[in-house]
**Student:** 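Please read through the structure below; I'll follow up with questions.
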Number of protein chains: 2
Amino acid sequence: MGKAEAAAAGSGRGAGTPDGAVRERLLKSATDLFTRKGYAGTTVREIVAAAKVTKPVLYYYFRNKEGIYLELMKEGFSRFDSLVGASLEAPGSAAEKILRFCARSFELFLDRIGVARVMYSIYYGPPQGAPFFDFDAYHFKFQEAIRRLVEEGIRNGEFRKGDAGDMTWAIVGAVNVAMEIQLCHPEVGLGKEGLDRVLDVIFAGIAAEGRKGTRKGGRR
Amino acid sequence: MGKAEAAAAGSGRGAGTPDGAVRERLLKSATDLFTRKGYAGTTVREIVAAAKVTKPVLYYYFRNKEGIYLELMKEGFSRFDSLVGASLEAPGSAAEKILRFCARSFELFLDRIGVARVMYSIYYGPPQGAPFFDFDAYHFKFQEAIRRLVEEGIRNGEFRKGDAGDMTWAIVGAVNVAMEIQLCHPEVGLGKEGLDRVLDVIFAGIAAEGRKGTRKGGRR
DNA sequence: GTCTATATTGAGATAGAC
DNA sequence: GTCTATCTCAATATAGAC
């Protein structure tokens with residue numbers, strides 16, 4: 001048995017690990033390193049070393065460093081895309097749909113929180129030479145989905161008449177803050193249940209009965 | 001007269017520029033460059049060149065690169081500190097105080113939006129060797145101020161009985177999203193008025209009258 | 001002192017054997 | 001699919017002329 005063969009067997013099949021695990025290990029290593037050291041600060045060598053494979057393996061599965069980065073981004077967002085479609089067409093009241101859509105989005109976020117950290121780092125951080133990825137498009141897509149549901153709720157009398165845009169912002173703000181707290185302070189994170197409760201607050205309002213509206217005597 | 005002193009004096013007064021302007025120019029240059037190229041990616045040489053002064057001038061006003069960075073952070077937050085104190089003790093209903101506090105905070109944010117970009121970049125971005133600054137402490141301070149006011153509102157019957165924490169998150173989320181949109185998409189930013197309206201939505205709720213609460217039939 | 005030419009390094013990427 | 005060995009290229013460091 002040659003040296004290469006031995007190494008190949010040992011790293012994958014030989015140890016009882018399924019073939020696909022190599023690809024997954026690379027994605028995980030890349031996520032960890034991009035998070036800790038940034039895109040530019042991470043070298044291909046480090047990624048493959050952490051995944052316990054050699055360099056050509058990375059180039060085999062992904063075209064190059066940009067490729068593995070884009071794959072990370074796309075994987076998360078493709079699942080989000082299905083979510084949007086499913087949630088809009090689901091049965092139930094507008095409020096139920098909104099709650100379900102937000103909960104599912106938040107679950108997806110938690111499931112891919114490592115990738116989310118990389119996204120935030122790229123989006124807000126300094127230029128790092130990472131290839132362009134249209135994060136804004138997805139934020140917009142999220143917001144538009146909520147807005148549609150809010151408008152639906154207003155139409156069918158479920159929600160009060162008011163500016164759908166403003167209502168949308170309130171909901172987006174809640175989801176946003178739940179995600180960001182989870183990102184930075186997982187130990188005090190709202191969690192799925194917390195997000196649910198905050199959304200409930202937004203639906204119901206904070207003001208005591210009979211005191212709706214703080215300045216303009218109610219509706220605008 | 002020492003070398004640094006001479007440079008400090010010479011660059012300002014001689015050209016008829018008020019003394020303080022040099023310091024301000026340096027802070028502005030640093031903000032711009034830190035935003036565009038990150039902390040690590042910005043050199044002291046670039047900062048002084050952009051401010052049209054020489055290197056010793058920077059070292060005269062601020063000890064070093066870390067010094068000018070920390071000064072940027074502190075200037076914004078010291079104004080915020082006064083805000084917190086003033087807003088909590090101001091007269092008016094809890095809702096009024098919350099609205100005023102959020103509006104003032106948002107105005108301060110707009111006024112220092114360049115510095116805010118640097119903060120986001122450092123906070124979410126990859127390690128850049130910037131000296132530690134406790135951003136979390138200020139986020140916490142903001143949240144606690146809101147929470148106090150919410151609790152006050154609940155106590156005096158202005159707000160409905162409910163989880164003050166959840167109500168606080170809803171409000172913080174709205175302010176947060178207003179700030180972040182302004183940061184990333186100033187052209188569609190809510191602005192001060194938009195934030196006001198969204199907060200109003202949170203106070204009043206989204207649900208139509210008689211339909212408050214989406215699952216538990218109202219209060220919890 | 002400053003400038004330019006030449007190492008040296010370390011990065012991403014590839015060729016070809018197995 | 002994976003390996004070893006090698007390539008290209010840009011940034012940085014250094015040496016030596018001026």
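Lettering of chains follows the sequences in order, A, B, ..., and the numbering in each one begins at 1.
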**Student:** Please work out which of the three classes, parallel, tilted or perpendicular, describes the rings of Tyr123(A) and Phe135(A), given edges at 30° and 60°.
**Tutor:** perpendicular
**Student:** Given atom CD of Glu46(A) and atom P of dG12(C), what is their separation to the nearest angstrom?
**Tutor:** 8 Å
**Student:** Map Pro56(A) and Ala40(A) onto DNA chain C by nearest heavy atom, then report which one ends up closer to the 5' terminus.
**Tutor:** Ala40(A)
**Student:** Quick one: does NZ or CZ of Lys65(B) land under 6.0 Å from the six-membered ring centre of Phe34(B), within 45 degrees of the ring axis?
**Tutor:** no
**Student:** Nearest to the side chain of Val53(A) - dG1(D), dC3(D), dA13(C)?
**Tutor:** dC3(D)
**Student:** Could you state the atom-to-atom distance from CG of Leu33(A) to P of dG12(C) in whole Å?
**Tutor:** 12 Å
**Student:** What's the OH-P distance between Tyr60(A) and dG1(D), to the nearest Å?
**Tutor:** 4 Å
**Student:** When you measure from the side chain of Lys65(A), which nucleotide among dT4(D), dG12(C), dT2(D) comes out closest?
**Tutor:** dG12(C)
**Student:** Counting heavy atoms not belonging to Arg112(A), are there more than 12 under 6.0 Å from its CZ?
**Tutor:** yes
**Student:** Please determine if a side-chain N or O atom of Tyr59(A) lies less than 4.0 Å away from the OP1 or OP2 oxygen of dG1(D).
**Tutor:** no
**Student:** Over 60° means perpendicular and under 30° means parallel, so classify the ring planes of Tyr120(A) and Tyr124(A), tilted if in between.
**Tutor:** tilted
**Student:** Does OP1 or OP2 of dA13(C) have a side-chain N or O of Asn64(A) closer than 4.0 Å?
**Tutor:** yes
**Student:** Nearest whole angstrom, please: distance from the P of dC3(D) to the OH of Tyr61(A).
**Tutor:** 10 Å
**Student:** Give a yes or no on whether the backbone of Pro131(A) and the side-chain of Glu66(A) come within a donor-acceptor separation of less than 3.5 Å.
**Tutor:** no
**Student:** Please report, rounded to the nearest Å, how far the C1' atom of dT6(D) is from the CZ atom of Arg45(A).
**Tutor:** 12 Å
**Student:** Could you tell me how far apart Lys55(A) (NZ) and dA13(C) (P) are, to the nearest whole angstrom?
**Tutor:** 9 Å
**Student:** Nearest whole Å is fine: how far is dT4(D) P from Leu58(A) CG?
**Tutor:** 16 Å
**Student:** Can you check the Tyr39(A) OH to dA11(C) P distance for me, whole Å?
**Tutor:** 14 Å
**Student:** Respond yes when some side-chain nitrogen or oxygen of Thr43(A) is under 4.0 Å from OP1 or OP2 of dA11(C), and no when none is.
**Tutor:** no
